[in-house]
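Since the structure comes first, as structure tokens, the remarks are kept for the end.
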Amino acid sequence: MRPYIYASLILGVFTLYQCQSYKKAATTSSTLSKPGPVDLTSSPLVPADQSISKMQVEDGFEVQLIASEPLVTTPVAMSFDKKGRMWVVEMNGYMPDTLGTGEDKPTGNIVILEDKNKDGVFDDRKVAIDSLVLPRSICLIEGGILVAEPPNLWYYDLKDDKPVKKTLVDPKYATEGNVEHQPNGLLRDLDNWIYNAKSSKRYRKQGDNWLIDDTHFRGQWGVSQDNYGRLYYNDNSSNVQGDYFSPGFGATNNNQRSVAGYYERTVPNNRTYPIRPNPGVNRGYMKGTLDDSLRLASFTAACSPLIYRGELFGKDYDFNAFVAEPSGNLIKRNIIKENGYIAKGEQAYKGREFLASTDERFRPVSLYNGPDGAMYVLDMYRGIIQHKTYVTPYLANQIKMRNLTLPLNCGRIYKIVPKGKKASMVSIPDDPGQLVAMLGSPNGYLRDEAQQTLIDGKNKAAIPLLKEVIKQTGKPLQVIHALWTLEGLHALETNEVLALLKSQEWPVRMQALTVIPSVISLSSAPLYVTALQQLLDNNDELAAPYIGFLAADLKPFNEKAANGFLVDLAKKYPDNAYVADAVISNLAYREEAFKKSLAAIVPDSGLRINKQLQKVITAYKNTQKNRNPELLASQFPKGSAIFRSTCQTCHGADGNGTPSLAPPLNKSQWVNGDKNKLISIVLFGLTGPINVNGHVYEAPEVAGDMPGIGHNDELSDEDVAQLLSFIRQSWQNDAAKVDKKDILSIRNKYKGRQKTFTMEELDSNK
């Protein structure tokens with residue numbers, strides 16, 4: 001990626017003049033009248049102090065500009081510190097042109113923005129860390145900062161806002177996928193673990209050491225939590241996805257490809273309603289991508305789902321999920337409701353959005369709750385948003401036609417507040433009594449910060465106060481945060497957990513169940529066995545999946561009791577999909593034996609427990625037939641590398657596809673059949689639906705489109721041939737290799753083609 005300085009050597013004076021429109025006073029807007037026609041022949045830069053005039057926002061709200069270039073450039077992630085300052089990630093190296101020239105240059109920064117005169121607008125910039133290559137997320141913790149800089153995850157000890165020591169936490173944080181498909185997020189969750197999107201790892205600091213644990217694979221860009229620590233995420237074509245259960249459970253059986261209650265489609269409606277035409281999306285030429293008015297019909301770049309948790313917006317916004325769509329220049333609002341385990345939602349409006357802009361360069365990429373209850377919006381503010389891996393000739397032409405490449409050194413940060421309500425920045429206190437009181441704040445951000453501050457400070461003086469709070473019954477959210485603060489301080493006792501397991505409030509019982517793996521020991525295990533058995537005997541169906549998950553943590557101390565719970569749960573709830581998968585999560589490599597032992601108790605093969613067990617057994621037996629992946633990687637080194645960086649994130653390391661993203665490659669007739677069809681798909685892309693071995697995959701089950709890589713100048717015909725040979729020989733596929741001459745032949749046959757293929761077209765091309 002071309003560095004910031006290099007990009008401005010020739011056009012520096014011009015672009016700086018265009019971008020330096022930062023204002024000392026906040027600019028606001030309300031709902032505008034219907035926008036007039038948009039000129040599609042150009043896409044001029046809109047000065048920062050005029051940007052809000054291009055927006056429509058929901059009645060009763062206003063948008064305030066709080067930072068812009070040159071104070072901040074290309075912001076992609078941020079975090080507030082205790083003083084109300086913003087630590088912002090600047091990904092300056094992202095896509096300076098359609099080829100991504102110089103993407104590997106160290107031009108990224110972590111900067112600190114401060115509102116020194118306290119007028120609500122940030123007016124001071126300080127570089128904390130520079131010379132980073134495409135940094136993507138941060139997390140402030142224990143006086144230091146985690147920084148995701150693929151492939152590494154670093155921890156910097158800080159002194160006076162400057163790094164004094166650098167520790168490598170994980171050298172394999174992001175070793176696969178391109179910029180659009182690498183881990184990010186670093187969300188510090190209620191359970192004191194740090195979770196990511198596009199990742200199956202979680203992290204936790206313990207003294208000077210870092211724990212790395214397996215968890216469920218989730219999402220693509222951005223991750224958020226609700227008041228109970230359950231996670232929400234999405235992929236680029238999906239509105240909101242999420243977990244029904246606490247995040248640390250259920251990822252214990254590698255034979256189980258999915259666990260009911262995780263990676264659920266929370267809001268299935270993916271329709272979008274921009275207020276300007278959007279021809280500059282990657283597949284804008286395809287039927288269905290744009291509507292009759294050339295506006296984006298459905299998500300293609302959905303990112304950064306945010307569960308709003310501040311009190312400022314009012315009761316109507318409790319449990320609302322906001323989603324950014326930079327390709328459509330909008331932010332969507334969704335309303336989520338709970339029914340038992342299940343959290344499902346719908347779009348708040350039909351035919352309109354919470355916020356939308358007529359400015360094509362408005363690129364909201366990350367949303368955050370703030371200390372003041374406002375919602376914060378990071379706008380990369382640029383023309384190019386698609387990574388080079390997937391840029392089609394159509395999109396490259398759109399970028400060229402409307403001069404979307406430059407300038408590169410812009411960026412805006414906004415906050416959204418209700419009209420007539422004062423959003424005051426809140427500093428996090430040091431006093432333990434004040435912090436414990438803040439655990440009961442109606443603002444979820446402040447509750448989180450109070451918990452983290454107490455833990456980071458190892459504040460032992462707060463322990464007696466916290467122990468008093470968890471005895472209360474009228475403030476469940478404060479009780480929950482006090483519980484996890486005690487857990488983080490290693491001061492939680494078994495008798496306190498047992499008392500909370502008897503709470504009449506389900507959220508409190510839920511958290512008491514969730515904390516058990518942190519506190520169970522040889523001496524306390526019998527007490528937990530008794531408590532869990534009591535919940536089971538009392539027909540607490542909400543607790544049943546948690547009891548199933550917890551059997552894995554109980555097993556090292558009392559294997560007989562753990563196995564007894566699995567049998568009892570299967571017998572009591574044989575047709576409950578969530579309980580069944582919780583039970584199966586304990587059964588790695590003993591699924592078949594458990595199924596046989598269960599036959600006399602639950603003989604009906606049509607019940608969920610038996611059906612889901614058989615599904616896992618069948619999948620495991622199939623994997624035993626797979627070819628040796630290490631041998632294949634040595635035979636096709638380039639093909640293996642391309643698969644890991646470009647294909648694996650959607651199609652899965654095992655080739656069996658990923659829910660909501662892509663169908664299987666393993667044993668697919670498209671892979672093992674006519675090589676010319678496969679080459680056509682990989683070079684030019686595919687638009688769904690597609691029938692794979694008798695099952696029709698289409699949106700929303702998987703993403704509607706697969707982008708082609710034939711327009712990527714970095715991949716030679718030999719590279720593509722190796723990739724396809726690797727795929728056609730991997731897993732249980734057994735098809736002939738592909739030669740670079742085959743690739744060239746298909747390129748020549750479809751020379752000048754931009755459209756992706758459809759299944760019908762491929763089948764007709766005999």
Testing the 3.5 Å rule here: is there a donor-acceptor pair between the side chains of [X] and [Y]?
X: Ser43; Y: Glu360; result: yes
X: Asn184; Y: Ser137; result: no
X: Glu353; Y: Gln56; result: no
X: Tyr349; Y: Arg333; result: yes

What distance do Thr289 atom OG1 and Leu294 atom CG have between them, rounded to the nearest 0.5 Å?
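That separation rounds to 11.5 Å.
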
Quick one: pull up OH in Tyr233 and CG in Asn196 and give me the separation to the nearest 0.5 Å.
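If I round to the nearest 0.5 Å, the distance is 13.0 Å.
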
Write down the atom of [X], the atom of [Y], and the distance for their closest heavy-atom approach.
X: Gln241; Y: Asp235; result: NE2-OD2, 3.4 Å
X: Leu686; Y: Thr758; result: CD1-C, 4.0 Å
X: Leu45; Y: Arg361; result: N-NE, 3.9 Å
X: Asp316; Y: Asn320; result: O-ND2, 3.5 Å
X: Gly310; Y: Asn443; result: CA-OD1, 4.0 Å
X: Ile331; Y: Leu367; result: CD1-CD2, 3.9 Å

Any ion pair linking [Y] and [X] (charged N to carboxylate O, less than 4.0 Å)?
X: Arg125; Y: Glu114; result: no
X: Glu58; Y: Arg352; result: yes
X: Glu338; Y: Arg230; result: yes

Under the criterion ring pair (Phe, Tyr, Trp, His ring centres under 6.0 Å), which of Tyr414, Phe313, Tyr308 is the partner of Phe61?
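One option only clears the test, and that one is Phe313.
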
Only one of Asp115, Asp372, Asp379 forms a salt bridge (Lys or Arg N to Asp or Glu O under 4.0 Å) with Lys415, so which one is it?
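When Asp115, Asp372, Asp379 are each tested with Lys415, the salt bridge (Lys or Arg N to Asp or Glu O under 4.0 Å) holds only for Asp372.
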
Parallel, tilted or perpendicular, judged at 30° and 60°: which one describes the rings of [X] and [Y]?
X: His711; Y: Phe684; answer: perpendicular
X: Tyr390; Y: His181; answer: perpendicular
X: Phe322; Y: Tyr317; answer: parallel

Check Pro135, Pro75, Ser366, Ser79 against Val89 for a side-chain contact (heavy atoms from CB on, under 4.5 Å) and give me the one that passes.
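For Val89, the side-chain contact (heavy atoms from CB on, under 4.5 Å) test succeeds with only one of Pro135, Pro75, Ser366, Ser79, which is Pro135.
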
Dump the intermediate steps for side chain to side chain donor-acceptor pair (under 3.5 Å) on Arg382 and Thr74, then the final yes or no.
CA-CA 8 Å; Arg382 60 192 350 263; Thr74 323; 5.0 Å; no

My understanding is that only one of Asp226, Asp448, Asn369 makes a side chain to side chain donor-acceptor pair (under 3.5 Å) with Arg309; could you say which?
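Among Asp226, Asp448, Asn369, the one meeting side chain to side chain donor-acceptor pair (under 3.5 Å) with Arg309 is Asp448.
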
Just checking Tyr368 against Tyr445, ring centres under 6.0 Å apart?
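Centroid separation for Tyr368 and Tyr445: 6.0 Å or greater.
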
